[in-house]
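Read the structure below first, then the notes.
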Protein chains: 2
Amino acid sequence: MIWEAWPADGTLMGELQMAQAERVKGGRGGAPGSTGRPRSEEAHQAILDATLDLLVEVGFSSLTVEGVAQRAGVGKATIYRRWPSKLPLVVEAFGRLPGFEEVDSGRLETDLKETLKTYLANFNATSLGAVFPSLAGERAHNPELSKLLEPVARGRREPFVRIFERARERGEISEDVDIDLAADLVVGPISVMLFFRGGTLSPKMVGPIVDLALSGILKKG
Amino acid sequence: MIWEAWPADGTLMGELQMAQAERVKGGRGGAPGSTGRPRSEEAHQAILDATLDLLVEVGFSSLTVEGVAQRAGVGKATIYRRWPSKLPLVVEAFGRLPGFEEVDSGRLETDLKETLKTYLANFNATSLGAVFPSLAGERAHNPELSKLLEPVARGRREPFVRIFERARERGEISEDVDIDLAADLVVGPISVMLFFRGGTLSPKMVGPIVDLALSGILKKG
DNA sequence: TCATTACGATACTATACGTTCCGTTATCAA
DNA sequence: TTGATAACGGAACGTATAGTATCGTAATGA
(Lines give C-alpha, C1' and ligand atoms only; values in the text may rest on other atoms or scores of the structure.)
Protein backbone atom coordinates (compact mmCIF):
# COMPACT_ATOMS: atom_id res chain seq x y z
CA MET A 1 0.00 0.00 0.00
CA ILE A 2 2.95 2.33 -0.37
CA TRP A 3 3.76 3.86 -3.70
CA GLU A 4 7.29 4.51 -4.72
CA ALA A 5 6.94 5.65 -8.27
CA TRP A 6 4.29 6.06 -10.92
CA PRO A 7 3.96 7.19 -14.50
CA ALA A 8 3.41 10.91 -14.60
CA ASP A 9 0.68 10.65 -17.20
CA GLY A 10 -1.62 13.05 -15.46
CA THR A 11 -4.60 10.75 -15.78
CA LEU A 12 -6.88 11.04 -12.78
CA MET A 13 -6.25 8.03 -10.59
CA GLY A 14 -4.70 6.37 -13.60
CA GLU A 15 -1.38 6.38 -11.85
CA LEU A 16 -2.59 3.83 -9.36
CA GLN A 17 -1.76 0.98 -11.65
CA MET A 18 1.90 1.67 -11.23
CA ALA A 19 4.35 -0.83 -9.92
CA GLN A 20 4.31 -1.06 -6.17
CA ALA A 21 7.99 -1.44 -5.40
CA GLU A 22 8.73 -3.08 -2.11
CA ARG A 23 9.82 -0.54 0.46
CA VAL A 24 13.04 -0.83 2.42
CA LYS A 25 13.80 1.31 5.43
CA GLY A 26 15.21 4.55 4.09
CA GLY A 27 15.65 2.92 0.75
CA ARG A 28 14.89 4.36 -2.64
CA GLY A 29 12.42 3.31 -5.21
CA GLY A 30 14.14 3.43 -8.55
CA ALA A 31 16.10 0.83 -10.47
CA PRO A 32 18.69 -1.22 -8.56
CA GLY A 33 21.67 0.73 -9.82
CA SER A 34 20.28 4.19 -9.13
CA THR A 35 21.98 6.69 -6.85
CA GLY A 36 20.96 9.92 -5.23
CA ARG A 37 19.51 11.03 -1.95
CA PRO A 38 17.17 8.41 -0.48
CA ARG A 39 13.64 9.22 0.47
CA SER A 40 13.18 10.23 4.05
CA GLU A 41 11.37 7.68 6.16
CA GLU A 42 10.69 10.32 8.80
CA ALA A 43 8.94 12.52 6.26
CA HIS A 44 6.87 9.57 5.11
CA GLN A 45 5.68 8.81 8.61
CA ALA A 46 5.13 12.48 9.43
CA ILE A 47 2.88 12.83 6.38
CA LEU A 48 0.73 9.86 7.38
CA ASP A 49 0.53 11.07 10.97
CA ALA A 50 -0.42 14.57 9.90
CA THR A 51 -3.09 13.18 7.60
CA LEU A 52 -4.73 11.26 10.42
CA ASP A 53 -4.47 14.24 12.77
CA LEU A 54 -6.21 16.48 10.28
CA LEU A 55 -8.84 13.89 9.43
CA VAL A 56 -9.81 13.90 13.10
CA GLU A 57 -9.63 17.66 13.43
CA VAL A 58 -11.29 18.97 10.29
CA GLY A 59 -12.77 15.91 8.57
CA PHE A 60 -12.24 14.45 5.15
CA SER A 61 -13.78 17.11 2.95
CA SER A 62 -11.93 19.95 4.68
CA LEU A 63 -8.58 18.22 4.62
CA THR A 64 -6.10 19.91 2.28
CA VAL A 65 -2.80 18.64 0.98
CA GLU A 66 -1.30 22.02 1.78
CA GLY A 67 -2.44 21.57 5.38
CA VAL A 68 -0.95 18.10 5.59
CA ALA A 69 2.36 19.39 4.22
CA GLN A 70 2.50 22.20 6.76
CA ARG A 71 1.56 19.96 9.67
CA ALA A 72 4.12 17.37 8.63
CA GLY A 73 6.79 20.00 8.00
CA VAL A 74 7.38 18.89 4.43
CA GLY A 75 6.91 20.38 1.00
CA LYS A 76 3.88 19.52 -1.09
CA ALA A 77 6.11 17.95 -3.71
CA THR A 78 7.35 15.45 -1.15
CA ILE A 79 3.78 14.26 -0.70
CA TYR A 80 3.09 13.98 -4.41
CA ARG A 81 6.36 12.16 -4.87
CA ARG A 82 4.88 9.34 -2.76
CA TRP A 83 1.17 9.42 -3.49
CA PRO A 84 -0.33 10.24 -6.87
CA SER A 85 -3.19 12.20 -5.35
CA LYS A 86 -4.95 13.09 -2.16
CA LEU A 87 -7.32 10.14 -2.16
CA PRO A 88 -4.73 7.32 -1.98
CA LEU A 89 -2.94 9.19 0.79
CA VAL A 90 -6.12 9.35 2.83
CA VAL A 91 -6.93 5.72 2.11
CA GLU A 92 -3.49 4.58 3.20
CA ALA A 93 -3.47 6.71 6.34
CA PHE A 94 -6.91 5.46 7.27
CA GLY A 95 -6.03 1.88 6.42
CA ARG A 96 -3.15 1.92 8.90
CA LEU A 97 -5.52 2.45 11.79
CA PRO A 98 -6.37 -0.74 13.62
CA GLY A 99 -9.65 0.89 14.65
CA PHE A 100 -10.56 -1.73 17.22
CA GLU A 101 -9.15 -4.59 19.21
CA GLU A 102 -10.14 -8.14 18.53
CA VAL A 103 -11.22 -9.83 21.76
CA ASP A 104 -10.79 -13.57 22.25
CA SER A 105 -12.67 -14.61 25.38
CA GLY A 106 -13.66 -18.10 24.32
CA ARG A 107 -17.31 -17.16 23.85
CA LEU A 108 -18.91 -15.78 20.69
CA GLU A 109 -21.29 -13.36 22.34
CA THR A 110 -18.61 -11.82 24.54
CA ASP A 111 -16.12 -11.58 21.68
CA LEU A 112 -18.57 -9.70 19.51
CA LYS A 113 -19.82 -7.33 22.17
CA GLU A 114 -16.41 -6.43 23.51
CA THR A 115 -14.84 -6.03 20.09
CA LEU A 116 -17.68 -3.81 18.95
CA LYS A 117 -17.38 -1.71 22.08
CA THR A 118 -13.73 -0.93 21.41
CA TYR A 119 -14.72 -0.08 17.85
CA LEU A 120 -17.44 2.27 19.07
CA ALA A 121 -15.21 3.91 21.65
CA ASN A 122 -12.66 4.65 18.94
CA PHE A 123 -15.31 5.86 16.53
CA ASN A 124 -17.06 8.15 18.99
CA ALA A 125 -13.80 9.60 20.24
CA THR A 126 -12.29 10.42 16.86
CA SER A 127 -15.05 10.42 14.25
CA LEU A 128 -12.49 8.72 12.08
CA GLY A 129 -14.91 5.97 11.16
CA ALA A 130 -16.82 8.49 9.08
CA VAL A 131 -13.89 8.66 6.68
CA PHE A 132 -14.76 5.31 5.24
CA PRO A 133 -18.27 6.12 3.99
CA SER A 134 -16.92 9.35 2.53
CA LEU A 135 -14.50 7.32 0.47
CA ALA A 136 -16.85 4.43 -0.19
CA GLY A 137 -19.42 6.74 -1.71
CA GLU A 138 -16.96 7.59 -4.46
CA ARG A 139 -16.44 3.98 -5.37
CA ALA A 140 -19.20 3.72 -7.95
CA HIS A 141 -17.58 6.30 -10.22
CA ASN A 142 -13.97 5.56 -9.42
CA PRO A 143 -12.83 1.98 -10.02
CA GLU A 144 -9.25 2.69 -8.96
CA LEU A 145 -10.37 3.98 -5.61
CA SER A 146 -12.54 0.92 -5.31
CA LYS A 147 -9.46 -1.24 -5.70
CA LEU A 148 -7.62 0.73 -3.04
CA LEU A 149 -10.44 0.42 -0.56
CA GLU A 150 -10.80 -3.31 -0.91
CA PRO A 151 -7.99 -4.34 1.45
CA VAL A 152 -9.03 -1.66 3.92
CA ALA A 153 -12.57 -2.97 4.03
CA ARG A 154 -11.30 -6.52 4.28
CA GLY A 155 -9.08 -5.59 7.19
CA ARG A 156 -12.02 -4.17 9.07
CA ARG A 157 -14.14 -7.27 8.46
CA GLU A 158 -11.51 -9.90 9.18
CA PRO A 159 -11.56 -9.70 12.97
CA PHE A 160 -15.29 -10.39 12.96
CA VAL A 161 -14.92 -13.26 10.54
CA ARG A 162 -12.22 -14.74 12.75
CA ILE A 163 -14.45 -14.42 15.80
CA PHE A 164 -17.13 -16.44 14.04
CA GLU A 165 -14.61 -19.01 12.82
CA ARG A 166 -13.42 -19.61 16.35
CA ALA A 167 -17.02 -19.97 17.49
CA ARG A 168 -17.61 -22.57 14.82
CA GLU A 169 -14.53 -24.49 15.87
CA ARG A 170 -15.80 -24.48 19.44
CA GLY A 171 -19.14 -25.76 18.22
CA GLU A 172 -21.05 -22.67 19.32
CA ILE A 173 -22.69 -22.32 15.94
CA SER A 174 -23.73 -24.84 13.31
CA GLU A 175 -21.30 -25.94 10.64
CA ASP A 176 -23.56 -24.71 7.89
CA VAL A 177 -23.84 -21.08 8.98
CA ASP A 178 -22.44 -18.77 6.31
CA ILE A 179 -19.77 -16.92 8.24
CA ASP A 180 -19.50 -13.99 5.86
CA LEU A 181 -23.22 -13.44 6.10
CA ALA A 182 -23.12 -13.79 9.87
CA ALA A 183 -20.38 -11.18 10.13
CA ASP A 184 -22.40 -8.74 8.06
CA LEU A 185 -25.46 -9.48 10.15
CA VAL A 186 -23.65 -8.20 13.22
CA VAL A 187 -21.57 -5.40 11.71
CA GLY A 188 -24.30 -4.19 9.35
CA PRO A 189 -26.82 -2.85 11.85
CA ILE A 190 -24.10 -1.09 13.84
CA SER A 191 -22.75 0.50 10.69
CA VAL A 192 -26.05 1.81 9.38
CA MET A 193 -26.88 3.19 12.80
CA LEU A 194 -23.58 5.02 12.91
CA PHE A 195 -23.43 6.28 9.38
CA PHE A 196 -26.96 6.70 8.20
CA ARG A 197 -28.78 7.64 11.35
CA GLY A 198 -27.91 10.68 13.37
CA GLY A 199 -25.81 11.19 16.45
CA THR A 200 -23.42 8.90 18.21
CA LEU A 201 -24.15 5.33 19.18
CA SER A 202 -24.06 4.35 22.82
CA PRO A 203 -22.09 1.19 23.70
CA LYS A 204 -25.22 0.08 25.51
CA MET A 205 -26.87 -0.52 22.17
CA VAL A 206 -24.32 -3.16 21.28
CA GLY A 207 -25.87 -5.75 23.59
CA PRO A 208 -29.39 -5.87 22.13
CA ILE A 209 -28.13 -5.72 18.57
CA VAL A 210 -25.74 -8.63 19.01
CA ASP A 211 -28.37 -10.59 20.94
CA LEU A 212 -30.92 -10.17 18.18
CA ALA A 213 -28.43 -10.99 15.44
CA LEU A 214 -27.21 -14.09 17.26
CA SER A 215 -30.68 -15.35 18.18
CA GLY A 216 -30.98 -17.02 14.82
CA ILE A 217 -27.41 -18.24 14.59
CA LEU A 218 -26.48 -19.77 17.94
CA LYS A 219 -27.15 -23.42 18.60
CA LYS A 220 -29.93 -23.92 21.10
CA GLY A 221 -29.15 -25.27 24.56
CA MET B 1 -37.04 20.84 2.28
CA ILE B 2 -37.25 23.73 -0.15
CA TRP B 3 -35.54 26.97 0.61
CA GLU B 4 -37.00 30.21 -0.52
CA ALA B 5 -34.76 32.73 1.12
CA TRP B 6 -31.89 32.88 3.55
CA PRO B 7 -29.65 35.44 5.16
CA ALA B 8 -26.70 36.15 2.90
CA ASP B 9 -24.22 36.02 5.75
CA GLY B 10 -21.74 33.89 3.89
CA THR B 11 -21.31 31.48 6.77
CA LEU B 12 -20.74 27.96 5.50
CA MET B 13 -23.98 26.07 5.92
CA GLY B 14 -25.03 28.71 8.41
CA GLU B 15 -27.76 29.78 6.09
CA LEU B 16 -29.62 26.58 6.66
CA GLN B 17 -31.28 27.89 9.75
CA MET B 18 -33.28 30.33 7.66
CA ALA B 19 -37.00 30.40 7.61
CA GLN B 20 -38.42 27.78 5.32
CA ALA B 21 -41.31 29.63 3.73
CA GLU B 22 -44.05 27.42 2.46
CA ARG B 23 -43.93 27.07 -1.27
CA VAL B 24 -46.86 27.81 -3.52
CA LYS B 25 -46.92 26.90 -7.18
CA GLY B 26 -45.07 29.65 -9.00
CA GLY B 27 -45.36 31.81 -5.94
CA ARG B 28 -42.70 33.96 -4.37
CA GLY B 29 -41.01 33.69 -1.05
CA GLY B 30 -40.93 37.15 0.44
CA ALA B 31 -43.36 38.99 2.67
CA PRO B 32 -47.09 38.85 1.79
CA GLY B 33 -47.16 42.34 0.26
CA SER B 34 -44.10 41.88 -1.96
CA THR B 35 -44.20 42.38 -5.69
CA GLY B 36 -41.88 41.54 -8.56
CA ARG B 37 -41.37 38.67 -10.93
CA PRO B 38 -42.19 35.33 -9.33
CA ARG B 39 -39.71 32.50 -9.21
CA SER B 40 -39.98 30.05 -12.05
CA GLU B 41 -41.29 26.65 -11.04
CA GLU B 42 -39.99 25.19 -14.28
CA ALA B 43 -36.47 26.35 -13.46
CA HIS B 44 -36.77 24.85 -9.99
CA GLN B 45 -37.77 21.47 -11.33
CA ALA B 46 -35.21 21.61 -14.12
CA ILE B 47 -32.46 22.22 -11.57
CA LEU B 48 -33.47 19.23 -9.46
CA ASP B 49 -33.78 17.03 -12.53
CA ALA B 50 -30.41 18.12 -13.86
CA THR B 51 -28.83 17.43 -10.47
CA LEU B 52 -30.10 13.86 -10.43
CA ASP B 53 -29.06 13.34 -14.04
CA LEU B 54 -25.53 14.46 -13.31
CA LEU B 55 -25.32 12.50 -10.09
CA VAL B 56 -25.98 9.38 -12.13
CA GLU B 57 -23.63 10.36 -14.93
CA VAL B 58 -20.59 11.72 -13.16
CA GLY B 59 -21.13 11.00 -9.47
CA PHE B 60 -21.26 13.22 -6.45
CA SER B 61 -17.68 14.40 -6.26
CA SER B 62 -17.54 15.35 -9.94
CA LEU B 63 -20.83 17.16 -9.95
CA THR B 64 -20.44 20.91 -10.46
CA VAL B 65 -22.96 23.67 -9.94
CA GLU B 66 -21.89 25.12 -13.26
CA GLY B 67 -22.74 21.81 -14.88
CA VAL B 68 -26.13 21.67 -13.22
CA ALA B 69 -26.90 25.21 -14.38
CA GLN B 70 -25.96 24.41 -17.97
CA ARG B 71 -27.91 21.15 -18.02
CA ALA B 72 -30.94 22.86 -16.51
CA GLY B 73 -30.62 25.86 -18.83
CA VAL B 74 -30.50 28.35 -15.98
CA GLY B 75 -27.97 30.75 -14.56
CA LYS B 76 -25.89 29.86 -11.55
CA ALA B 77 -27.46 32.69 -9.59
CA THR B 78 -30.86 31.07 -10.02
CA ILE B 79 -29.55 27.99 -8.25
CA TYR B 80 -27.97 29.93 -5.42
CA ARG B 81 -31.15 31.96 -5.05
CA ARG B 82 -32.88 28.72 -4.02
CA TRP B 83 -30.21 26.70 -2.26
CA PRO B 84 -27.52 28.20 -0.08
CA SER B 85 -24.88 25.80 -1.33
CA LYS B 86 -24.26 22.71 -3.38
CA LEU B 87 -24.76 20.25 -0.55
CA PRO B 88 -28.41 21.07 0.29
CA LEU B 89 -29.24 20.95 -3.41
CA VAL B 90 -27.82 17.46 -3.71
CA VAL B 91 -29.53 16.35 -0.52
CA GLU B 92 -32.90 17.62 -1.69
CA ALA B 93 -32.56 16.15 -5.17
CA PHE B 94 -31.54 12.82 -3.71
CA GLY B 95 -34.26 12.96 -1.06
CA ARG B 96 -36.93 13.25 -3.74
CA LEU B 97 -36.08 9.83 -5.11
CA PRO B 98 -38.37 7.13 -3.84
CA GLY B 99 -35.53 4.67 -4.38
CA PHE B 100 -37.66 1.57 -3.99
CA GLU B 101 -41.22 0.39 -3.85
CA GLU B 102 -42.78 -0.86 -0.65
CA VAL B 103 -44.36 -4.25 -1.22
CA ASP B 104 -47.39 -5.37 0.82
CA SER B 105 -48.00 -9.05 0.17
CA GLY B 106 -49.36 -10.00 3.55
CA ARG B 107 -46.25 -11.91 4.51
CA LEU B 108 -43.14 -10.47 6.20
CA GLU B 109 -40.57 -12.52 4.37
CA THR B 110 -42.01 -11.73 0.95
CA ASP B 111 -42.42 -8.04 1.75
CA LEU B 112 -38.80 -7.70 2.78
CA LYS B 113 -37.35 -9.67 -0.10
CA GLU B 114 -39.37 -7.99 -2.81
CA THR B 115 -38.89 -4.51 -1.42
CA LEU B 116 -35.15 -5.03 -1.16
CA LYS B 117 -35.03 -6.34 -4.70
CA THR B 118 -36.59 -3.18 -6.11
CA TYR B 119 -34.12 -1.22 -4.03
CA LEU B 120 -31.20 -3.21 -5.40
CA ALA B 121 -32.42 -2.95 -8.97
CA ASN B 122 -32.57 0.81 -8.66
CA PHE B 123 -29.20 0.99 -6.95
CA ASN B 124 -27.41 -1.21 -9.45
CA ALA B 125 -28.95 0.60 -12.40
CA THR B 126 -28.14 4.14 -11.32
CA SER B 127 -25.44 4.01 -8.64
CA LEU B 128 -27.46 6.72 -7.00
CA GLY B 129 -27.46 4.90 -3.70
CA ALA B 130 -23.79 5.71 -3.35
CA VAL B 131 -24.67 9.38 -2.98
CA PHE B 132 -25.91 8.78 0.53
CA PRO B 133 -22.68 7.47 2.04
CA SER B 134 -20.82 10.30 0.36
CA LEU B 135 -23.01 12.75 2.19
CA ALA B 136 -23.27 10.75 5.40
CA GLY B 137 -19.51 10.67 5.77
CA GLU B 138 -19.52 14.44 6.13
CA ARG B 139 -22.01 14.37 8.95
CA ALA B 140 -19.51 14.16 11.79
CA HIS B 141 -17.96 17.51 10.93
CA ASN B 142 -21.05 19.25 9.62
CA PRO B 143 -24.02 19.42 12.00
CA GLU B 144 -26.18 21.35 9.55
CA LEU B 145 -25.77 18.68 6.91
CA SER B 146 -26.59 16.14 9.55
CA LYS B 147 -29.90 17.88 10.13
CA LEU B 148 -30.65 17.90 6.42
CA LEU B 149 -29.94 14.22 6.04
CA GLU B 150 -32.16 13.15 8.91
CA PRO B 151 -35.48 13.19 7.04
CA VAL B 152 -33.87 11.57 4.02
CA ALA B 153 -32.54 8.71 6.11
CA ARG B 154 -35.87 8.41 7.88
CA GLY B 155 -37.69 8.22 4.57
CA ARG B 156 -35.51 5.34 3.46
CA ARG B 157 -36.04 3.46 6.70
CA GLU B 158 -39.77 4.01 7.09
CA PRO B 159 -40.96 1.47 4.51
CA PHE B 160 -39.05 -1.27 6.29
CA VAL B 161 -40.37 -0.21 9.68
CA ARG B 162 -43.91 -0.28 8.27
CA ILE B 163 -43.34 -3.77 6.88
CA PHE B 164 -42.37 -4.99 10.34
CA GLU B 165 -45.30 -3.19 11.96
CA ARG B 166 -47.73 -4.91 9.64
CA ALA B 167 -46.06 -8.24 10.44
CA ARG B 168 -46.53 -7.60 14.13
CA GLU B 169 -50.18 -6.75 13.64
CA ARG B 170 -50.64 -10.02 11.78
CA GLY B 171 -48.90 -11.84 14.64
CA GLU B 172 -46.00 -12.99 12.51
CA ILE B 173 -43.50 -11.74 15.06
CA SER B 174 -43.63 -11.40 18.83
CA GLU B 175 -44.99 -8.25 20.42
CA ASP B 176 -41.72 -7.59 22.19
CA VAL B 177 -39.46 -7.49 19.13
CA ASP B 178 -37.84 -4.06 18.81
CA ILE B 179 -38.96 -3.01 15.37
CA ASP B 180 -36.29 -0.39 14.84
CA LEU B 181 -33.63 -2.93 15.65
CA ALA B 182 -35.26 -5.48 13.41
CA ALA B 183 -35.32 -3.05 10.50
CA ASP B 184 -31.64 -2.35 10.92
CA LEU B 185 -30.94 -6.04 11.16
CA VAL B 186 -32.31 -6.50 7.65
CA VAL B 187 -31.19 -3.26 6.02
CA GLY B 188 -27.78 -3.19 7.71
CA PRO B 189 -26.16 -6.22 6.07
CA ILE B 190 -27.39 -5.19 2.63
CA SER B 191 -26.05 -1.69 3.11
CA VAL B 192 -22.59 -2.69 4.26
CA MET B 193 -22.35 -5.16 1.42
CA LEU B 194 -23.24 -2.44 -1.07
CA PHE B 195 -21.21 0.39 0.32
CA PHE B 196 -18.25 -1.11 2.06
CA ARG B 197 -17.58 -4.20 0.03
CA GLY B 198 -16.77 -4.09 -3.62
CA GLY B 199 -18.84 -4.63 -6.73
CA THR B 200 -22.55 -4.82 -7.18
CA LEU B 201 -24.87 -6.97 -5.15
CA SER B 202 -26.91 -9.63 -6.88
CA PRO B 203 -30.62 -9.78 -6.01
CA LYS B 204 -30.03 -13.48 -5.34
CA MET B 205 -28.17 -12.52 -2.18
CA VAL B 206 -31.30 -10.94 -0.73
CA GLY B 207 -32.88 -14.29 0.07
CA PRO B 208 -30.22 -15.75 2.34
CA ILE B 209 -29.65 -12.46 4.11
CA VAL B 210 -33.30 -11.96 4.93
CA ASP B 211 -33.66 -15.60 5.94
CA LEU B 212 -30.77 -15.37 8.35
CA ALA B 213 -31.93 -12.07 9.81
CA LEU B 214 -35.47 -13.35 10.27
CA SER B 215 -34.45 -16.70 11.75
CA GLY B 216 -34.19 -15.11 15.18
CA ILE B 217 -37.23 -12.88 14.85
CA LEU B 218 -40.03 -14.93 13.38
CA LYS B 219 -42.33 -16.86 15.65
CA LYS B 220 -41.78 -20.59 15.36
CA GLY B 221 -44.40 -22.76 13.74
C1' DT C 1 -46.72 53.38 -16.17
C1' DC C 2 -43.72 52.31 -12.39
C1' DA C 3 -41.59 49.73 -8.62
C1' DT C 4 -40.00 45.40 -7.65
C1' DT C 5 -37.97 41.05 -8.11
C1' DA C 6 -36.45 36.98 -10.82
C1' DC C 7 -34.22 35.85 -15.03
C1' DG C 8 -29.75 34.20 -17.88
C1' DA C 9 -25.22 35.63 -18.62
C1' DT C 10 -20.85 36.87 -17.27
C1' DA C 11 -17.06 38.60 -14.62
C1' DC C 12 -15.03 38.16 -10.37
C1' DT C 13 -12.83 36.39 -5.75
C1' DA C 14 -11.09 32.79 -3.03
C1' DT C 15 -9.61 28.25 -2.33
C1' DA C 16 -7.35 23.99 -3.37
C1' DC C 17 -5.43 20.29 -6.35
C1' DG C 18 -1.59 19.10 -8.72
C1' DT C 19 2.86 20.61 -11.41
C1' DT C 20 7.14 22.76 -11.97
C1' DC C 21 11.14 24.97 -10.77
C1' DC C 22 14.56 26.61 -7.33
C1' DG C 23 18.80 26.23 -4.51
C1' DT C 24 20.20 22.81 -1.03
C1' DT C 25 21.40 18.32 0.86
C1' DA C 26 22.29 13.33 1.27
C1' DT C 27 24.00 9.31 -0.84
C1' DC C 28 26.86 6.49 -4.05
C1' DA C 29 30.65 5.66 -7.27
C1' DA C 30 34.98 6.73 -9.30
C1' DT D 1 37.92 14.17 -2.71
C1' DT D 2 35.02 14.98 -6.39
C1' DG D 3 31.05 14.49 -9.38
C1' DA D 4 26.53 12.51 -10.66
C1' DT D 5 22.09 11.77 -8.98
C1' DA D 6 17.82 12.25 -6.70
C1' DA D 7 15.13 13.82 -2.73
C1' DC D 8 14.56 17.78 0.16
C1' DG D 9 11.58 22.29 1.67
C1' DG D 10 9.82 26.24 -0.43
C1' DA D 11 7.44 28.87 -3.56
C1' DA D 12 5.39 30.11 -7.90
C1' DC D 13 2.26 28.61 -11.22
C1' DG D 14 -1.95 26.75 -14.03
C1' DT D 15 -6.45 24.97 -13.73
C1' DA D 16 -10.86 24.03 -11.81
C1' DT D 17 -14.74 25.11 -9.04
C1' DA D 18 -17.61 27.20 -5.14
C1' DG D 19 -19.89 31.09 -4.32
C1' DT D 20 -20.69 36.43 -5.08
C1' DA D 21 -21.72 40.49 -7.65
C1' DT D 22 -23.37 42.94 -11.52
C1' DC D 23 -25.27 43.46 -15.99
C1' DG D 24 -29.44 44.39 -19.02
C1' DT D 25 -33.97 42.04 -19.58
C1' DA D 26 -38.49 40.04 -18.43
C1' DA D 27 -42.51 39.25 -15.60
C1' DT D 28 -45.71 40.60 -12.18
C1' DG D 29 -48.62 43.77 -9.03
C1' DA D 30 -50.01 48.39 -7.80
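Note that this is a predicted model, so its numbers are computed, not measured. Values reported hereafter were calculated over all heavy atoms of this structure, with side chains retained and with hydrogens, waters and symmetry mates removed.
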**Study point:** Pair B/Glu57 + B/Arg71: basic N to acidic O under 4.0 Å
**Key:** yes
Check your understanding: Do NZ/NE/NH1/NH2 and the carboxylate oxygens of A/Arg166 and A/Glu102 come within less than 4.0 Å?
Key -> yes
Study note, to complete from the structure: Separation of C/dT25 atom C1' from A/Glu42 atom CD, nearest Å, is 14 Å
Study note, to complete from the structure: Rounded to whole Å, CD1 of A/Ile47 lies from C1' of D/dA7 at a distance of 12 Å
Check your understanding: Rounded to whole angstroms, how far apart are CG on A/Leu89 and P on C/dA16?
Key -> 16 Å
Revision key, fill the gap. When rounded to whole Å, the CH2 to C1' distance for the pair A/Trp83 and C/dC17 reads 16 Å
**Study point:** Pair B/Asp184 + B/Arg157: basic N to acidic O under 4.0 Å
**Key:** yes
Practice item. Could you tell me the separation between the CZ atom of B/Phe123 and the CG atom of B/Leu128, rounded to the nearest 0.5 Å? Key: 9.0 Å
Practice item. Respond yes when some side-chain nitrogen or oxygen of B/Thr35 is under 4.0 Å from OP1 or OP2 of C/dT5, and no when none is. Key: no
Check your understanding: How many Å lie between NE2 on B/His44 and P on C/dG8, as a whole number?
Key -> 13 Å
Review point. Would A/Lys117 and A/Glu101 pass as an ion pair if we require N to O under 4.0 Å?
Key: no
Point to revise | Distance below 4.0 Å between A/Arg37 side-chain N/O and D/dT5 OP1 or OP2 | key: no
Point to revise | B/Arg82 CZ to C/dT5 P, straight-line distance once rounded to whole Å | key: 16 Å
Exercise for review: List for me each residue that meets ring-ring contact (aromatic ring centres under 6.0 Å, His included) alongside B/Tyr119, sequence neighbours excluded, and say none if there are none.
Suggested key: B/Phe100
Practice item. For the pair B/Glu165 and B/Arg162, find out whether any cationic side-chain nitrogen is under 4.0 Å from an anionic carboxylate oxygen. Key: no
Practice item. Rounded to 10°, tell me the angle between the two end axes of the helix from C/dT1-D/dA30 to C/dA30-D/dT1, each built from five pairs. Key: 10°
Review point. For A/Arg81 and C/dT25, what is the distance between atoms CZ and P respectively, to the nearest whole Å?
Key: 16 Å
Review point. Hey, mind stepping through B/His44 and B/Arg39 against side-chain hydrogen bond (donor to acceptor under 3.5 Å, both in side chains) and telling me if it holds?
Key: CA-CA 8 Å; B/His44 200 91; B/Arg39 291 196 181 166; over 6 Å; no
Review point. C/dG8 C1' sits how many Å from B/Arg39 CZ, rounded?
Key: 15 Å
Practice item. Could you tell me whether B/Ala69 contacts a base, only the sugar-phosphate backbone, or nothing, with contacts defined as non-hydrogen atoms closer than 4.0 Å? Key: nothing
For nucleotides 12-18 of chain D, list the nitrogen or oxygen atoms of the protein found under 3.5 Å from its nitrogen or oxygen atoms, one pair per line.
{"residue": "D/dA18", "atom": "OP1", "partner": "B/Leu63", "partner atom": "O", "Å": "3.3"}
{"residue": "D/dA18", "atom": "OP1", "partner": "B/Lys86", "partner atom": "NZ", "Å": "3.1"}
{"residue": "D/dA18", "atom": "OP2", "partner": "B/Val65", "partner atom": "N", "Å": "3.1"}

Study note, to complete from the structure: Looking only at heavy atoms, the pair that brings B/Arg156 and B/Leu97 closest together is NH2-O, 4.5 Å
